[in-house]
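To start, the structure itself, in structure tokens.
Reminder, nothing fancy here: chain letters follow the sequence lines and each chain counts from 1. Any value given below was found using the heavy atoms of this structure, including those in side chains, with hydrogens, waters and symmetry copies removed.
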There are 2 protein chains.
Amino acid sequence: MIPSFHIDPVSRDLAPALQARLDSRTKPQGSLGRLEALALQAGLIQRTLAPEVHQARLAVFAGDHGAARAGISAFPQEVTVQMVHNFLTGGAAINVLARQHALALSIVDCGMAGEASVAAGPGLEFIRARQGAGTASYLETPAMPAALRDAALAEGARLVHGWHAAGCNAIAFGEMGIGNTSSASLLTHFITGAPLDQVTGRGTGHDDAGLARKRALLEQAAGRVSGGARPDALTALAEFGGFEIATLTGALLAAAECRMLIVVDGFIVTSALLVAHAVAPAVLDYCVFAHGSAEPGHRAQLTHLGAEPLLDLGLRLGEGTGAALAFPLIRSALACLNEMAGFADAGVSEAGA
Amino acid sequence: MIPSFHIDPVSRDLAPALQARLDSRTKPQGSLGRLEALALQAGLIQRTLAPEVHQARLAVFAGDHGAARAGISAFPQEVTVQMVHNFLTGGAAINVLARQHALALSIVDCGMAGEASVAAGPGLEFIRARQGAGTASYLETPAMPAALRDAALAEGARLVHGWHAAGCNAIAFGEMGIGNTSSASLLTHFITGAPLDQVTGRGTGHDDAGLARKRALLEQAAGRVSGGARPDALTALAEFGGFEIATLTGALLAAAECRMLIVVDGFIVTSALLVAHAVAPAVLDYCVFAHGSAEPGHRAQLTHLGAEPLLDLGLRLGEGTGAALAFPLIRSALACLNEMAGFADAGVSEAGA
């Protein structure tokens, strides 16, 4: 059964008061640009004039893709488990960034082909939430039956509810899964309607021949399901999505249900958001878009969602690295709102005075 | 006498070794995008495979402009001293951001119309380096005689040499000065050749009438000096520059001389960099461009220098706020290079393996 989610659209009732508080800080009105919009959004989400980030967390969802064995990725499938080991021993980019930016880090096995066999290092949480040993190959059959998709949605929601209950009010999501840019391309194609070749890129590093092979395989996969009509988003998720993407979808919906500030990473996480948005459009009210990925399909996703990311650094690593890098900007936005002096208190004249 | 600066261009000798170290980290090659370029640049500047930021500092240079009394700014001239008081008591945006991002903060009076009359709060350094009680109005005469320009250049250099001697190897500059977007527009026009009206913007918040008045006044000022030929950059600096811009110019040149990583803020600081670059083009090798300002002339400056900023957040506050916001990205870049595991150590297969 598809889990249900109850997401309130964010009310703008407090917007005038938040804007007045921003405008009374000692700076020309609007001069902090997008930081002001961030502070306003956080205040509306948290229903307060003094929004704060508490117990910020980054959760990385890992899974394997049956189609990866057909050569859709430049890296072998074993790398998913190897990289999760690297996360658990603290050596990956996301470990470095989570430490630097004071983010609690959870690594979630949503269904890798193999199981992790090293212990989680200090400060890390490892969670088994496996729906299987990787998905089936969508080149031949649906990647997962609807029942496993729904179980993954529910598991993502359960995890987020737990983090929220422990005091987390701002959460970022990342992912790891060899082959998952291919799933994301297929989901993006079917949900946004953008041509498949325009939303298919080099992933972790295909050369021209690898990209051509990937494109041919994805055309084959898309042809398997479409008889003209596009599948709806949840059907597309079961057809092509990895277990990590389905778990992410549930996590995103639950985070909005819990009124958390959601920091959206790049191409893969946004593919899960496309599904979540199709289920409950109000999820967008809770989202901050961290960065524009170098993967070409990300632009089509952002256009579909009407979103503009904070950073544009040419990242294409995944793991949640772009989301981690956006956290200092979010904290800066809130700190300026909460800690700057007002014109009156500081004895500073206002414009045109 | 114009102070002399001895700036070594940054050698690329270490680039292959730095690139190899980046490529051996557990990530697809190049997947950290501009963070990799930042790490490479810092390694070349510091001549090491393991570059680090030490004792990072943000120095805010303040000064007043005689022309401000003619109505070029939306704020009254008194705001310069008022905002410096706000800096000294810790209530401005730059205080908030410097605290958040662990930047030592120095406030430098380069020649405000009035003198600061409050004591510097904890963790703040206040420095008197006054060349006068504001510049003369460039609507009538040069803003400063060449001797004061040269004294300001020397003072900026002296300050930076002191910070460097105390262990600082990465420095950002900010500014405060009612009217200084006008100085920056005039400098940008004369140094880059861009039409004056295209590099003149709303500053801290002119409405349409205010912008029209500002443009008319700047055309008048430009007409005073140009008999067809453009003045050279140092002449333009004396003609139009504020004391804070001249001091900044010396500080930028000295920071490159000391092989410091320089984090360049927005429109005003880049106007000083235009002068520094005209004096010693190699200064650019040491510069990281923090953000693209909402002030329209900044784009012409960046094009002239061939620079692309890290952030684009619509900021137009000054104070060094954009530079402060770029520091976490720089630290993240260096942390990824220095702290990530290598493929071999982590037991992760490489692409195509």
Side-chain angles (χ1 to χ4, degrees), chain A residues 25-35 74-76 78-79 82-83 85-86 89-93 95-97 99-101 203-205 210 294 310-319 321 324-325 327-329 331-332 335-336 338-342 345-353, chain B residues 25-35 74-76 78-79 82-83 85-86 89-93 95-97 99-101 203-205 210 294 310-319 321 324-325 327-329 331-332 335-336 338-342 345-353:
Chain A
R25 303 303 92 190
T26 44
K27 58 172 185 54
Q29 286 189 14
S31 61
L32 281 171
R34 296 195 62 189
L35 295 194
F75 282 80
E78 294 68 35
V79 169
Q82 290 170 355
M83 280 302 297
H85 287 172
N86 196 23
T89 52
N95 297 100
V96 173
L97 297 179
R99 286 195 294 268
Q100 190 194 350
H101 300 304
T204 46
L310 288 170
L311 295 166
D312 185 7
L313 298 169
L315 304 178
R316 52 180 175 82
L317 175 52
E319 302 179 5
T321 46
L325 290 166
F327 260 97
L329 294 176
R331 290 197 176 103
S332 290
C336 284
N338 292 327
E339 299 175 25
M340 281 179 69
D345 297 335
V348 176
S349 308
E350 297 194 52
Chain B
R25 301 305 92 190
T26 44
K27 57 171 184 56
Q29 288 190 12
S31 61
L32 281 171
R34 296 194 63 189
L35 294 195
F75 282 80
E78 293 68 36
V79 169
Q82 290 169 354
M83 280 301 298
H85 287 172
N86 197 21
T89 53
N95 298 100
V96 173
L97 297 180
R99 286 195 293 267
Q100 190 194 352
H101 300 305
T204 47
L310 288 170
L311 296 165
D312 185 7
L313 298 169
L315 304 178
R316 53 180 175 82
L317 175 53
E319 303 179 5
T321 47
L325 290 166
F327 261 96
L329 294 176
R331 289 196 176 104
S332 289
C336 284
N338 292 327
E339 298 175 25
M340 282 178 69
D345 297 336
V348 175
S349 308
E350 296 193 53

Original post:
Any idea which of B/Gly90, B/Cys336, B/Gly205, B/Gly203 has the most non-hydrogen atom pairs under 4.5 angstrom with chain A?
Top reply: B/Cys336
**OP:** Tell me, for A/Thr204 versus chain B, whether the close heavy atoms (under 4.5 Å) come from the side chain, the backbone, both or neither.
**Re:** both
Original post:
With sequence neighbours excluded, what pairs up with B/Asn95 under the side-chain hydrogen bond (donor to acceptor under 3.5 Å, both in side chains) test?
Top reply: none
**OP:** Go through the atoms of B/Leu311 and report whether side chain, backbone, both or neither lie under 4.5 Å from a heavy atom of chain A.
**Re:** side chain
Original post:
With A/Gln100, which residues qualify under side-chain hydrogen bond (donor to acceptor under 3.5 Å, both in side chains), at least two apart?
Top reply: B/Ser332
Original post:
How far apart are the closest heavy atoms of A/His101 and B/Pro328, and which atoms are they?
Top reply: CE1-CB, 4.0 Å
**OP:** Find the one option among A/Asn338, A/Leu35, A/Asn86 whose heavy-atom pairs under 4.5 Å with chain B are most numerous.
**Re:** A/Asn86
Subject >> Leading residue by heavy atom contact count with chain B [cutoff under 4.5 Å; candidates A/Gly30, A/Gly347, A/Gly91] >> reply: A/Gly91
**OP:** Check B/Thr321 against B/Ala93 and note the closest heavy-atom contact, atom names and distance.
**Re:** CG2-CB, 3.9 Å
Subject >> Pick from A/Ala341, A/Ser31, A/Ala324 with the largest number of heavy-atom pairs that fall under 4.5 Å of chain B >> reply: A/Ser31
Subject >> Worked check of side chain to side chain contact (heavy atoms under 4.5 Å, CB included) between B/Leu310 and A/Asp312 >> reply: CA-CA 8 Å; B/Leu310 288 170; A/Asp312 185 7; over 6 Å; no
Original post:
Can you say whether B/Ala335 sits under 4.5 Å from chain A via the side chain, the backbone, both, or neither, judging by heavy atoms?
Top reply: both
**OP:** Under 4.5 Å heavy-atom distance to chain B, tell me which part of A/Ala294 shows up: side chain, backbone, both or neither.
**Re:** neither
**OP:** Could you tell me which non-hydrogen atom of A/Leu32 sits nearest to which non-hydrogen atom of A/Met340, and how far apart they are?
**Re:** CD1-SD, 4.2 Å
Original post:
Do you know the tightest heavy-atom contact between B/Leu329 and A/Leu313?
Top reply: CD2-CD1, 3.9 Å
Subject >> Part of B/Arg99 lying under 4.5 Å from any heavy atom of chain A >> reply: side chain
**OP:** Verify whether one side chain among B/Ser349 and A/Gln82 offers a donor that lies under 3.5 Å from an acceptor in the other.
**Re:** yes
**OP:** Check whether B/Val79 gets within reach of chain A through its side chain, its backbone, both or neither, counting any heavy atom under 4.5 Å.
**Re:** side chain
Subject >> Under 4.5 Å from any heavy atom of chain A - which part of B/Leu97 >> reply: side chain
Original post:
Who among A/Gly33, A/Pro28, A/Gly314 has the most heavy-atom pairs with chain B under 4.5 Å?
Top reply: A/Pro28
Subject >> Contact leader toward chain B among A/His85, A/Lys27, A/Glu319, A/Met83, where contacts are heavy-atom pairs under 4.5 Å >> reply: A/Met83
